[in-house]
Each structure stands twice: as structure tokens, then as C-alpha cells.
> 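Pasting in a structure now, in C-alpha cells, and then I'll have a few things to ask.
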Protein chains: 2
Amino acid sequence: MDKKNNKNESRCALQEILDVIGGKWSMSIIYALFTGKKRFSELERLIPNINTRMLVKELKNMEANGIVTRQVFATVPPTVEYTLTTKGEKLQPSINELHKWGLEFVG
Amino acid sequence: MDKKNNKNESRCALQEILDVIGGKWSMSIIYALFTGKKRFSELERLIPNINTRMLVKELKNMEANGIVTRQVFATVPPTVEYTLTTKGEKLQPSINELHKWGLEFVG
DNA sequence: CGGGATCCGGAACGATACTG
DNA sequence: CAGTATCGTTCCGGATCCCG
């Protein structure tokens, strides 16, 4: 049932790294969460051109990978907040390096 | 004709970063090339489970993105060597960081 | 507000067979 | 040796509508 964990045990960590940052919107979401917890609609606003389904999908994937925490508040209307876990926060050096590389070579 | 450069000008560097490292085999190839120039067949041996078509495709993509240099020697049988460009080499810090993250959190 | 359900086109990926 | 060509499949991502 857990589609994330039984991918292929012969694969090294590279494949899970890709599963975390390889999605089209993954890095944008992580990047947005570096500045602190965000509501679903905030993320939707912060990330141009993403659509609802994709945001949901990525967030679920990240939750399954232990990158984000989902916190639901039983308010009306409902409130949901997403926060990076420690594991997620520790992606910051990697993403900063990639970002620096991008600035230098892509513009 | 150059399908790589006219992707979408409104996109930021993230998308090209993904184009470079987001492929299933991209990081494996770059990683292999960190230790120096490699022939096509060497890469094929060094990277388990990759198939010819994928290796060709990724290498072409990387060449188009200025990550690797392709050098052909008119020998019989033919010899082709792939080397990281400066742009490609400068991915090392990023990939090392990702690798460290993987070791800590994935195993 | 925060999603779920469904449909769809195209890209990514894989396995072979063939070639200069 | 270093690819090309072809085919088949799976999966990703986008659009849209709906629901509590």
C-alpha cells in the first residue's frame, strides 16, 4: 500500500533524492517553506502557475517522504498548514548550492 | 529546432536545473564523470541498469545544456569520450550536498 | 478553504534489433 | 564501439468539475 517505500531496494539513495526534488514543483514548494509554515492557499499564491491537483500531489508525496508536516485545524472554513520537518529543512544547503549554480550559469 | 532553449522564458532557473539533474540517470552520469573523462561504454558499465537509449539521450541533453563535452576520435572501432565542462564540474558542491543529505536521511 | 475524482495528451522510460 | 530506429508502456502534469 505504501507505494513510496517499495520502489526498488536495489536502487541507491539517488532515486529517493529525485523523488523528493525531481518533481516539477518540488523545489519551488520546499523553497517557499524555507521561510516558515504556510497554508495551502498561501502556497498556491506563492507558486505561480501551479494548479491545485499538482500542489496536493506534491505535498502528499513530501509528507510520505517525511519532508513536510501537515497540520489540520478544525475551523470553518478549514485551515491546513504545512511545515518542513527537520529532514526537509536540511535540504536547504543542497538547494542553496543548486540555486547558486543556477545563478552563475543560467542567469 | 533547439528544443532545449525555447522551453519557457517566463520560467526561472529552477526549470533548467531540473532539466540537468532531474532525469532518472542524470546525477549518476554526472557523478561518474566527476572522476574524469569516460568513454561511452565505460559509462554504460559504470551505471548499472541504464540502457543504451537512455544513456545517449541524457548525454545529448547534457551536451545541449553545456554540461558535458563530446569528443570523437576517428578510430576503428570508433572512440568517443565525454568530459564535464566547467559548468558541469561546478555542480559538484550541489551534488555532494544532496549526497550528504541522502546519506543522513535515506541511508 | 482544502482538497478529491476523473479525463486526457504527451513525455519519460524500457527492451530490442540494427548499423557504420 | 557507439550509437540509431522503432515500439510499447507507464507515469507525469494540466484542466475541469465537484464536495464537505
Side-chain angles (χ1 to χ4, degrees), chain A residues 3-4 6-8 10-11 14-16 18-29 32-33 37-65 68-83, chain B residues 2-4 6-8 10-11 14-29 32-33 37-65 68-83:
Chain A
K3 274 169 270 178
K4 286 308 156 195
N6 59 8
K7 308 197 69 170
N8 191 337
S10 73
R11 294 247 165 279
L14 274 182
Q15 305 302 318
E16 187 179 325
L18 270 187
D19 192 36
V20 170
I21 65 161
K24 179 171 179 181
W25 303 101
S26 309
M27 291 211 290
S28 305
I29 298 175
L33 288 175
K37 78 171 56 173
K38 298 276 178 303
R39 298 185 56 173
F40 186 88
S41 48
E42 284 185 276
L43 289 171
E44 219 165 3
R45 274 187 301 99
L46 285 171
I47 304 171
N49 295 52
I50 198 172
N51 72 40
T52 310
R53 196 182 75 93
M54 274 302 117
L55 184 52
V56 174
K57 247 189 131 182
E58 295 275 18
L59 286 170
K60 281 197 169 169
N61 183 35
M62 295 164 95
E63 198 188 358
N65 278 306
V68 301
T69 308
R70 192 179 106 113
Q71 206 173 359
V72 186
F73 300 92
T75 55
V76 178
T79 301
V80 181
E81 287 180 351
Y82 292 91
T83 324
Chain B
D2 192 336
K3 274 169 269 175
K4 285 307 156 194
N6 59 6
K7 306 196 72 167
N8 191 337
S10 72
R11 295 243 164 282
L14 274 184
Q15 305 301 320
E16 187 179 326
I17 294 176
L18 270 188
D19 192 36
V20 169
I21 65 161
K24 178 170 179 183
W25 303 101
S26 310
M27 290 210 292
S28 305
I29 299 174
L33 289 174
K37 77 170 59 172
K38 298 276 180 301
R39 299 185 56 172
F40 186 88
S41 49
E42 285 185 277
L43 289 172
E44 218 164 4
R45 274 187 302 100
L46 287 170
I47 304 171
N49 296 52
I50 197 173
N51 71 39
T52 310
R53 197 180 75 91
M54 274 304 119
L55 184 52
V56 174
K57 246 190 132 182
E58 294 276 19
L59 286 169
K60 280 194 171 169
N61 183 35
M62 296 164 98
E63 198 188 358
N65 278 306
V68 300
T69 309
R70 192 179 106 114
Q71 204 171 0
V72 186
F73 299 91
T75 55
V76 178
T79 301
V80 181
E81 287 180 349
Y82 291 90
T83 324

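Below, chains carry the letters A, B, ... as their sequence lines are ordered, and counting in each starts from 1.
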> Once you round it to whole Å, what is the distance between C1' of C:dC13 and CH2 of B:W25?
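In whole Å, C:dC13 C1' lies 10 Å from B:W25 CH2.
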> Rounded to whole angstrom units, what separation is found between the CG atom of A:L43 and the C1' atom of C:dG2?
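For the pair A:L43 CG and C:dG2 C1', the rounded distance is 12 Å.
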> With sequence neighbours excluded, what pairs up with A:T83 under the side chain to side chain donor-acceptor pair (under 3.5 Å) test?
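With neighbours one apart ignored, the set is empty.
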> Please state whether the phosphate of D:dG14, meaning OP1 or OP2, lies under 4.0 angstrom from any side-chain nitrogen or oxygen of A:K24.
yes
> Determine the contact category for B:Y82: base if any of its heavy atoms lies under 4.0 Å from a base atom, sugar-phosphate if only primed atoms, P, OP1 or OP2 are that close, otherwise nothing.
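Sugar-phosphate only.
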> Please enumerate all residues that pass side chain to side chain donor-acceptor pair (under 3.5 Å) together with B:S41, with sequence neighbours excluded.
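Residues passing side chain to side chain donor-acceptor pair (under 3.5 Å) with B:S41: none at all.
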> Which of the following nucleotides, D:dC12, C:dC13, C:dG2, is nearest to the side chain of B:M54?
C:dC13
> Output the rounded distance in Å from CD1 (A:I50) to C1' (D:dC12).
13 Å
> Looking at D:dC12, D:dA2, C:dC1, which one has an atom nearest to any side-chain atom of A:R39?
C:dC1
> So if I take every side-chain heavy atom of B:P78 and compare against D:dC1, C:dC13, D:dC12, which nucleotide ends up nearest?
D:dC1
> Please report, rounded to the nearest Å, how far the C1' atom of C:dG2 is from the CD atom of A:Q71.
15 Å
> Mind checking B:T75 for me? I need base, sugar-phosphate or nothing, with any heavy atom below 4.0 Å counting as a touch.
nothing
> Rounded to whole angstrom units, what separation is found between the CG atom of A:D19 and the P atom of C:dA12?
17 Å
> I'd like a list of close polar pairs between nucleotides 4-11 of chain C and the protein, N/O only, cut-off under 3.5 Å.
{"residue": "C:dG4", "atom": "OP1", "partner": "A:K60", "partner atom": "NZ", "Å": "2.6"}
{"residue": "C:dG4", "atom": "OP2", "partner": "A:K60", "partner atom": "NZ", "Å": "3.1"}

> Just the rounded figure in Å: distance from C1' of C:dG14 to CD of B:E44.
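Rounding to the nearest Å, CD of B:E44 and C1' of C:dG14 are 14 Å apart.
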> Residues two or more places apart in sequence or in another chain: which of them pass salt bridge (charged side-chain N to carboxylate O under 4.0 Å, His left out) with A:E81?
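A:K37.
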> Hey, does the side chain of A:N65 reach the backbone of A:N61 with a donor-acceptor pair shorter than 3.5 angstrom?
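At least one qualifying donor-acceptor pair exists.
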> Given atom NZ of B:K37 and atom P of D:dA2, what is their separation to the nearest angstrom?
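Rounded to the whole Å, the gap is 13 Å.
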> Residues two or more places apart in sequence or in another chain: which of them pass salt bridge (charged side-chain N to carboxylate O under 4.0 Å, His left out) with A:E42?
none
> From CG of A:L55 over to P of D:dG14, roughly how many Å is that when rounded to an integer?
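Computing the A:L55:CG to D:dG14:P distance gives 12 Å.
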> If you find the nucleotide of DNA chain D closest to B:S41 and the one closest to A:G22, which residue's nucleotide is nearer the 5' end?
B:S41
> Using salt bridge (charged side-chain N to carboxylate O under 4.0 Å, His left out) as the criterion, list what pairs up with B:K60, not counting sequence neighbours.
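So B:K60 forms no salt bridge (charged side-chain N to carboxylate O under 4.0 Å, His left out) with any residue.
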> Kindly point out which of D:dG13, C:dG14, C:dA12 is positioned nearest to the side chain of B:N51?
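Selected nucleotide: C:dG14.
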> Does the side chain of A:E63 come under 3.5 Å of the side chain of A:T69 through a donor N or O and an acceptor N or O?
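There is no such pair between these side chains.
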